[in-house]
Engineer: 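Sharing a structure with you now.
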Amino acid sequence: MIHNAIEYEKAQTELRDLQSRLESLQADHPIGEKGFTKAGIRKLIARLNEELAVFEGSSEARSPTTG
């Protein structure tokens, strides 16, 4: 669960890294190869997207933060 802007930024970075990894796997391995790995990465991406969406809808995201 994302609780503050710092965790939000880390989650966005992790999401970009996972998306990049998935693209690399898809380019290097045709359909049918590394299926479980690709599926696992997609699940992590989905989880991060959900957590980012929850945080973006929270009052924490709308309020200014002091570091």
Engineer: At what distance, to the nearest 0.5 angstrom, does CG of L52 lie from CD of E14?
Structural biologist: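 Atom-to-atom, L52:CG and E14:CD are 9.5 Å apart.
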Engineer: Please tabulate, for the side chains in residues 35-50, all donor-acceptor contacts under 3.5 angstrom to protein atoms that are two or more places apart in sequence or on a different chain.
Structural biologist:
unit_1, atom_1, unit_2, atom_2, d
K38, NZ, H29, O, 3.3
K38, NZ, E33, O, 3.3
R47, NH1, E51, OE2, 3.1
N49, ND2, I45, O, 3.3

Engineer: Looking at CD of E7 and CZ of F55, how far apart are the two atoms once the value is rounded to the nearest 0.5 Å?
Structural biologist: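 Reported to 0.5 Å precision, the distance equals 8.0 Å.
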Engineer: What distance separates L18 CG from E23 CD, expressed to the nearest 0.5 Å?
Structural biologist: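 The distance works out to 11.5 Å.
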Engineer: Check which hydrophobic residues are tied to M1 through side-chain heavy-atom contacts below 4.5 Å, counting indirect links as well, and list them.
Structural biologist: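 Besides M1, the hydrophobic cluster comprises V54, listed by chain and residue number.
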